Undergrad: 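Once you've had a glance at the structure underneath, I'll fire off some questions.
We use all heavy atoms of the structure for the numbers below, so side chains are in, but hydrogens, waters and symmetry mates are not. Chain A is the first sequence line, chain B the second, and so forth, proteins listed ahead of strands; every chain is numbered from 1. Note that the structure is predicted; figures quoted are calculated from it, not measured.
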Amino acid sequence: MPKKPNIKKEALNKRKEKPHGIGEKVINILKILNLIEQDRHPTVKELAQICEVSERSIYRYLYILNQVVPIVYDPKLGGYTFENPHALKSIPVEKEELAVILTLNDVLKKSAPSLSEKLMSLMEKINPVGKKPHGQIHHYLPNIQTELDIEKFNIISEAALERMQLMIKYHSINTNEVTERLIDPYGLIFHDGLWFVYAYCHLRQDTRTFAIDRIIEIKQMKTKFNIPEGFTLREKLKQSWFIWEAEPVEVKVKFSKDVAELIKRKPKWHHSEQRTENPDGTITLTFTVSGTDEIKWWLYSWIPHFEIIEPVTLKETMKEELKKALERIN
DNA sequence: AATGCTTTGACTACAGTGAT
DNA sequence: ATCACTGTAGTCAAAGCATT
């Protein structure tokens with residue numbers, strides 16, 4: 001014989017005061033959802049009091065809620081939480097869009113692992129329980145797998161974001177000198193497998209690019225800095241061949257017919273490029289770049305298929321360097 | 001108003017945990 | 001091992017709710 005439940009008078013009176021239809025149920029479930037979302041990690045007892053229903057009903061509400069958003073009881077917190085903290089903030093994302101994020105993550109993993117972690121946590125926020133791509137399809141192959149000093153990188157990133165000045169001890173490769181400088185970090189640049197910080201240097205009273213791996217010591221200052229009105233790093237860097245700054249120079253180079261097709265594979269090798277396809281099959285390119293060092297390295301990769309027309313100084317330098325190289329080979 | 005459906009509280013059972 | 005305690009879930013009849 002099953003025992004008959006005996007609903008107490010008190011409970012019956014309460015029911016009469018407050019009807020228990022679907023509407024009331026929905027309101028209670030939303031109340032619970034709201035409390036969990038606010039990280040109040042409520043207990044069943046508390047919820048029963050708040051909703052003015054029995055604990056058994058709360059378990060039933062939680063069961064329903066669990067169909068929509070996974071909810072778990074956390075013994076440490078002593079109450080209920082979302083299984084995934086960002087569960088409700090989920091945005092519908094296409095597989096292709098996720099694949100793009102994975103590609104970007106591939107780039108970051110190989111250049112700035114600490115940023116990769118941030119991207120992944122962002123992805124978790126965007127798409128906590130949604131579909132995941134089967135795997136990565138686009139791959140980024142840098143020429144160097146970077147070993148980055150994450151601590152230094154993070155200090156500089158934060159300083160650049162917050163516009164806080166930095167005091168650095170820098171070991172220059174060119175001069176082989178160690179100097180201490182106050183800098184205003186404008187931004188970070190990833191180039192050729194290495195990270196650089198572009199900054200205003202108070203020692204030189206001018207902007208400079210510092211390789212992060214050459215920074216020996218770094219300390220964040222309590223002073224803020226301002227970036228000149230209208231300054232953007234992207235615009236500034238456009239003038240360089242890669243990243244280094246110097247006086248603008250016009251460089252005119254003629255490439256032989258042998259490599260004309262290779263040259264034509266890129267519509268432009270630098271944003272300042274002017275291209276002339278000559279009747280004899282050769283191609284003349286004219287660039288305006290800041291400094292000739294970086295473009296010189298690029299030109300060496302085209303040996304022996306080019307001829308420098310301007311400037312004469314670059315032509316002379318390369319002649320000297322190639323002469324030395326020949327001597328070494330012999 | 002009659003009917004079927006939904007919601008509810010009480011009771012119960014059971015698994016897991018921690019103290020003894 | 002035993003016990004107390006807690007969290008969870010199945011079940012039932014009562015009562016309200018929705019629909020016709």
Undergrad: Does Y59(A) put a side-chain nitrogen or oxygen below 4.0 Å from OP1 or OP2 of dG10(C)?
TA: no
Undergrad: It should be established whether S54(A) places a side-chain nitrogen or oxygen under 4.0 Å from OP1 or OP2 of nucleotide dT8(B).
TA: no
Undergrad: Measure the spacing between NZ of K315(A) and CG of L299(A) and express it to the nearest 0.5 Å.
TA: 12.5 Å
Undergrad: Can you tell me how far P of dT17(B) sits from CG of D74(A), to the nearest Å?
TA: 14 Å
Undergrad: Roughly, in whole Å, what's the span from OH in Y63(A) to C1' in dT11(C)?
TA: 15 Å
Undergrad: If you check every side-chain atom of K25(A), which of dC12(C), dT7(B), dG7(C) has the closest atom?
TA: dT7(B)
Undergrad: Using side chain to side chain contact (heavy atoms under 4.5 Å, CB included) as the criterion, point out the one residue from V44(A), V26(A), N28(A) that pairs with Y61(A).
TA: N28(A)
Undergrad: To the nearest Å, give me how far apart CD (E52(A)) and P (dG9(B)) are.
TA: 11 Å
Undergrad: Any chance the side chains of T179(A) and R181(A) put a donor and an acceptor closer than 3.5 Å?
TA: yes
Undergrad: Provide, to the nearest angstrom, the distance between the CD1 atom belonging to I29(A) and the C1' atom belonging to dT6(B).
TA: 13 Å
Undergrad: Whole angstrom is fine here: how far is it from CD1 in I27(A) over to P in dT8(B)?
TA: 12 Å
Undergrad: If you assign each of R60(A) and E55(A) to its closest nucleotide in DNA chain C, which residue comes earlier from the 5' end?
TA: E55(A)
Undergrad: Heavy atoms only: give me the nearest N66(A)-I71(A) pair and the separation to one decimal.
TA: OD1-N, 2.7 Å
Undergrad: Side-chain N or O of Y73(A) versus OP1/OP2 of dG7(C): is the shortest distance under 4.0 Å?
TA: yes
Undergrad: In whole angstrom, give the distance that lies between atom CG of L62(A) and atom P of dT6(C).
TA: 18 Å
Undergrad: Would you indicate which nucleotide in dC11(B), dT8(B), dG7(C) comes nearest to any side-chain atom of R56(A)?
TA: dC11(B)
